[in-house]
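Read through the structure below, which is laid out as structure tokens, and then see the notes.
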Amino acid sequence: MEIVSIVLLLLLAVVISGAISRMLPLNVPTPLVQIGLGAVIGLVAHLRVELDPELFLLLFLPPLLFLDGWRIPKDEMLKDLSTVVELALGLVLLTVVGVGLFIDWMIPAMPLGVAFALAAVVSPTDPIAVSAIAARVPIPRRMMHILEGESLLNDATGLVCLRFAIAAALTGSFSVAQASLTFLWLALGGLAVGIAVTLVVTRAKAWVSNRFGEDTGSQVLISLLIPFAAYISAEHLHCSGILAVVAAGVTMTFAEVSRQALPATRMRRNSVWDTIQFALNGIIFVLLGEQLPAIVEKASETVKVTGHSNPWWLAAYVLAIMVALAALRFAWVWVSFRLTLLRRRADVPFRSPDWRLIAAMSFAGVRGAITLAGVLTIPLAMRDGTPFPARDLAIFLATGVIILSLIMASVVLPLLLRDLRMPAEPSMQAEEDRARVAASEAAIREIERAQHALADGRSDADRYAGAGTRIMDLYRERIDVRSQEGRSLSEARQHERIERDLRLAALAAERSEIFRLARAGEIGSAIAQKLIRELDLLEIRYKT
């Protein structure tokens, strides 16, 4: 009962924090509100949640990383793949080595392996926290694609580096040759396991669905089990479960394209995954806040590990680590953008990176759920049973980096993002137009075939012809709009936007009237729900 009560309390805190963040007049990101609310719960309710590190990793990371890999726009990320790889791999490795050595120099009492572990957990960025911060200031699409791609890859890179650092701290030794071989097995094995699990599961469920029908609930549940299956299978084979989950998510995109699910399945599955993502991210930040009172209480004892007596030294260490992270990221982003995103082309004159663009990308490197989940996986004890050295200090410093990065980004990032322009990327409008035209032409051909087949031999064949003509006219209008050029295309798109706004206004009026009829008892609740669902689907269609 106690565990159930704690889970329900955490979920309630996530819901309340979302409402509070929307009510606040200031642009306070939801993660900060969740941390504050968690701290209040820890102080008032005296709630103490203790999770086994491996259990924490298993519960939270597989679904979050799987969803990131599944939903990230692959084509957009591939256009800036060189930039993403430089940030996600090069910057993470530089951060682990550079910040790890800096922490070891700054805090001699922290063993080098622990310093590298701390540097590894603060290296991954969290795009969800960035999105929450910039909710009221639109992020350029290309920047968000780069941030999402970086986060997807650097989560795996940082956590793999964390695994090496913890192993070095436990054994007291580190071999570059052995680590290289182990890394290859972890990486290649994890990727292979993730791809294999997704392909096997999706092909099996497609075979069953094609022959015996599709059950929406089962399909949704299978999608929830895939990341855990990939993670557990990889860990059982001593591969990287993190990379397996990421590979499973990426593979899921391509598997879904080749093996279609029912529309109802896709809609319900998306809704379920949205809820899972919102709940898990929120719970992680609430848990962080809940741990704060205990972490602060231990500050006086934790600081003694460093050889000081004043707890303010801990704040100084957090600030120093943030400065080191920011300096490394700023320098790396500047070099990366200059070599890739803004590289010299024959038809485009070279220009130096805009300092606001580099600064925005640097401050967008917010630490969040992955950092907290990673630092909590540091073992409680060494192999001989003695306490793991400086574990509480590492958790305190990682927590401070998360909070400070959120605060700094929430203050500075909206200012930098305002009216910021990314380097131009090829327009996708032509590609979208071609797809819509091709789909509309296919629909017209099928309508013509279907109306002839349905009307064959019937006395009321003219009704089928009339209905088919009305539907085909809608598709022909879409083809005309998407096939025009120049000024005519601009006017057609403006006409399309006006028509969409009018349709949305009409749908809102329909919905209000149905609600009025239901409240007055003139229609039953089942009829009302059916009509409202139809209107909601139409509204989603016009807003997409």
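Any value given below was found using the heavy atoms of this structure, including those in side chains, with hydrogens, waters and symmetry copies removed.
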Q. Who passes side chain to side chain contact (heavy atoms under 4.5 Å, CB included) against L537, sequence neighbours left out?
A. M267, R533
Q. With V85, which residues qualify under side chain to side chain contact (heavy atoms under 4.5 Å, CB included), at least two apart?
A. L81, L89
Q) Between E150 and R329, is the closest basic N to carboxylate O distance under 4.0 Å? A) yes
Q: Apply side chain to side chain contact (heavy atoms under 4.5 Å, CB included) to Q529 and list each qualifying residue two or more places apart in sequence or on a separate chain.
A: none
Q: Report yes or no: does D104 contribute a side-chain atom to a donor-acceptor pair with the main-chain N or O of G100 at less than 3.5 Å?
A: no
Q: Show your reasoning for whether side-chain hydrogen bond (donor to acceptor under 3.5 Å, both in side chains) applies to S123 and T95.
A: CA-CA 6 Å; S123 60; T95 300; over 6 Å; no
Q: Could you please spell out the steps behind the side-chain hydrogen bond (donor to acceptor under 3.5 Å, both in side chains) verdict for T399 and Q291?
A: CA-CA 9 Å; T399 303; Q291 298 289 321; over 6 Å; no
Q: Would you kindly say whether T198 and T251 are connected by a side-chain donor-acceptor distance under 3.5 Å?
A: no
Q: With sequence neighbours left out, write down each residue that passes side chain to side chain contact (heavy atoms under 4.5 Å, CB included) with V200, or none if nothing qualifies.
A: none
Q. Between L11, V14, L12, which is the residue that forms a side chain to side chain contact (heavy atoms under 4.5 Å, CB included) with V286?
A. V14
Q | Pairing residues for D215 by the salt bridge (Lys or Arg N to Asp or Glu O under 4.0 Å) criterion, not counting sequence neighbours | A | none
Q. What distance do L87 atom CG and S336 atom OG have between them, rounded to the nearest 0.5 Å?
A. 4.5 Å
Q.
Looking at R22 and G18, would you say the former's side chain and the latter's main chain have a donor-acceptor pair under 3.5 Å?
A. yes
Only distances under 3.5 Å count here; give the side-chain donor-acceptor pairs of residues 219-246 to other protein atoms, sequence neighbours excluded, each with its distance to 0.1 Å.
{"from": "Q219", "atom 1": "NE2", "to": "S209", "atom 2": "OG", "distance (Å)": "3.2"}
{"from": "S223", "atom 1": "OG", "to": "V220", "atom 2": "O", "distance (Å)": "2.6"}
{"from": "S223", "atom 1": "OG", "to": "W273", "atom 2": "NE1", "distance (Å)": "3.1"}
{"from": "S233", "atom 1": "OG", "to": "A229", "atom 2": "O", "distance (Å)": "2.7"}
{"from": "E235", "atom 1": "OE2", "to": "G241", "atom 2": "N", "distance (Å)": "3.0"}
{"from": "S240", "atom 1": "OG", "to": "L243", "atom 2": "N", "distance (Å)": "3.2"}

Q: Dump the intermediate steps for side chain to side chain contact (heavy atoms under 4.5 Å, CB included) on E290 and L10, then the final yes or no.
A: CA-CA 10 Å; E290 182 273 328; L10 292 175; 5.6 Å; no
Q) Is a donor on one side and an acceptor on the other found under 3.5 Å between the side chain of S21 and the backbone of V33? A) no
Q. How far does CD1 of I378 sit from CG of L162, to the nearest 0.5 angstrom?
A. 6.5 Å
Q) Please walk me through it: do L118 and V121 pass side chain to side chain contact (heavy atoms under 4.5 Å, CB included)? A) CA-CA 5 Å; L118 177 58; V121 297; 4.1 Å; yes
